[in-house]
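Remarks on the structure that follows.
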Number of protein chains: 2
Amino acid sequence: MGTSAQLHSEKAGTYHSDVQSPVCSVQDFYHHPELGPGDLEQIARAHEYQQLSRGTMLLQEGQHANAYYCIGSGIVRSFATNPSGKDITTGFTCRGQIAIEVASLFLGVPTKENFQTLSDCQVWKIPLISFHKLFNQIPAFASWGREWMSQALLMYKLRALRMITETAKDRYLRLQREQPELLQQVPLKYIASFLGVTDTSLSRIRKEIARGN
Amino acid sequence: MGTSAQLHSEKAGTYHSDVQSPVCSVQDFYHHPELGPGDLEQIARAHEYQQLSRGTMLLQEGQHANAYYCIGSGIVRSFATNPSGKDITTGFTCRGQIAIEVASLFLGVPTKENFQTLSDCQVWKIPLISFHKLFNQIPAFASWGREWMSQALLMYKLRALRMITETAKDRYLRLQREQPELLQQVPLKYIASFLGVTDTSLSRIRKEIARGN
DNA sequence: AAAAGTACTTGCCCTATGTCAAGAAATCAA
DNA sequence: TTGATTTCTTGACATAGGGCAAGTACTTTT
C-alpha cells in the first residue's frame, strides 16, 4: 500500500480488509417493526452462508442476476464498463449492507454492472426465487423491501445531485468523513472513478488537502 | 420564448404546454401482468382527479409528502435548493409518469425536494394511506410497486453514472433525442441545472451544436 | 534477491466549464 | 403601447480537471 498506508495504518498494510467480526447473523439485515421472530427465522433459512475469496465476481455484465448478497464482512465493488473500455466504480458494499443489482434481479434484464469482491468476504446469499416467496407470503417483508428500496433510491438521487452541486474535493472530503474505512482498504483508482475524477486528479486533491485544505 | 421558439415552434410560443389529450385513465399507470380488471378498478377509485394551474407547488422542502400524483397532462419540475441559494432541477415528470418523493412518502422524513407545475396539469392524486391499503391488500399491486421502484432506481443510477461518463454536450444531445418535448416547453435555465451546467454554458453548447456538431 | 507488477505522485499542457457583466430579444403587466 | 421582467446569448477572463508521460515506492512472484 502506498502513501495512504503510511498515513493511516499502524503497519505496512495490504488492501485486504483488517480482520473484523462479521455482522452477527443474517437477521441483522432485516430490521423492520412489523417483522416478528418467526418471520425472521423463516427469512434467515432462505439464505445460504458463503465464504468468498478476494477477486470473486458475484455478477458480470450481460448476466442475469438471480440472487443478492448480505455482506457480513469484506468489501464488494460494483462497476460499469465504458464503451471506451474504462471501468467506472459505481459503488462499494460493506459489512452490514446488501450487494444487489436491482434492475437485473427484479426487471429480469441482463445487468450492465459488475460485482467483484475486493477482499475475502463472508456473505449470506438469497436466491431470487426464495425472495419472491417471502415477498408474497410475508406482508411485512414486502414492506421491508419497499423501505429498503426507498432508502436506496434516496442514496442514488443524492449521489446524482452531489455530482452536480459538489466539487471533486467536496466529494472526497465527504467520503473521508462518512466512510473512512474505504480510503484505507480500497485502491485509489477505484475511489477516484467512484468520485468522478481520474486518479491523477484525486492524487492532486489529496495533496492539496494534506497541505492544509 | 427565445431562440428555441424561433427554431422549433410554428408560432411565437409560450412555455405553456401545447394542448394535448391527457392519458386516458389512471389505470394506464398501473400496467402489470398480475393486476386484473377488478384490481385496477379498486386502484383507480383510490385516486382523485385534479386540475392544477401553472406554478402550483405540489410539495415544498421541509414538508412531509402524503400523496403522489399520476400526471395525465402537463409537466412537473422537481428541484433541490443549494445551501448557497441556487436551485438545481432534479427531474421533470411528464404525461404518463408519476410525480413522487419516495423518501419522504415511504420513509416519513421531511422532503428536501420541491415539486412545481411548469404548466397547467391534469393529475390523479392518491394519498399515502390509500396506497398503503392497496399495497397490503393486493399482492400484485405490491409487485407493481416493486417493479416501479426498480425502474426508478435504475434511472437514478444511470443518471449518476452519466454525470461521470458523459460530457455536458453528450447529456444535452441525449435529452434532445430522448425527450425533445422538454426542450420546447421548459426554460433553458431549468434544463441547464438538470444537465449539471450553467445556463451560460448550455447556451454555448447549443450554439456549437447549431453550427454543426 | 531480482524482476515484474501495482499504486501513487508529479510536471506540462490543454479543454470544458464557471463567473461576471453586458446586451438583445421575447414576454408579461398594466 | 410602454415599461418591467424574463429568457437567452455573447465576450473576457479564471479555474477545475483531463491526457500523457515519467518517476518513485511498495508489493507480489519467482
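Proteins come first, then strands; the chains are lettered A, B, ... in the order of their sequence lines, and each starts at number 1.
Checked against the 6.0 Å centroid criterion, the rings of Y68(B) and F29(B) do not qualify as a close aromatic pair. Aromatic ring centroids of H47(B) and Y30(B) lie under 6.0 Å apart. For F79(A) and Y190(A), the gap between ring centers reaches or exceeds 6.0 Å.
When rounded to the nearest whole Å, the span between CG of D170(A) and C1' of dG17(D) equals 14 Å. For L188(B) and dA24(C), the CG to P distance is 20 Å, given to the nearest whole Å. Straight-line distance from the CG atom of D199(B) to the P atom of dA22(C): 17 Å, rounded to whole Å. We find that CD1 of I164(B) is positioned 14 Å from C1' of dG18(D), with the value rounded to whole Å. Note: CD1 (I209(B)) to P (dT9(D)) measures 11 Å, nearest angstrom. Atom C1' of nucleotide dT7(D) and atom CD1 of I191(B) are separated by 13 Å, given to the nearest angstrom. Atom OH in Y190(B) sits roughly 10 Å away from atom P in dT6(D) (whole-Å rounding). Look at OH on Y172(A): it is 18 Å from C1' on dA16(D), rounded to the nearest Å.
Checked options Q116(A), K189(A), R77(A); the residue passing with D87(A) is R77(A) (criterion: side-chain hydrogen bond (donor to acceptor under 3.5 Å, both in side chains)).
Listed by chain and residue number, E101(A) satisfy the side-chain hydrogen bond (donor to acceptor under 3.5 Å, both in side chains) test with T111(A) (two or more places apart in sequence, or in another chain).
At the phosphate of dC8(C), neither OP1 nor OP2 sits under 4.0 Å from any side-chain N or O atom of K189(A). Checking the phosphate oxygens (OP1, OP2) of dT9(D), no side-chain nitrogen or oxygen of K207(B) falls inside 4.0 Å.
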Give every pair of a protein N or O atom and an N or O atom of nucleotides 14-18 of chain C that lie under 3.5 Å apart, one pair per line with the distance.
{"unit_1": "dT17(C)", "atom_1": "OP1", "unit_2": "A168(B)", "atom_2": "N", "d": "2.9"}
{"unit_1": "dG18(C)", "atom_1": "OP2", "unit_2": "T198(B)", "atom_2": "N", "d": "3.2"}
{"unit_1": "dG18(C)", "atom_1": "OP2", "unit_2": "T198(B)", "atom_2": "OG1", "d": "3.2"}
{"unit_1": "dG18(C)", "atom_1": "OP2", "unit_2": "S201(B)", "atom_2": "OG", "d": "2.6"}

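For R177(B) and Y172(B), the positive end is not near the middle of the six-membered ring at less than 6.0 Å and at most 45° from its axis.
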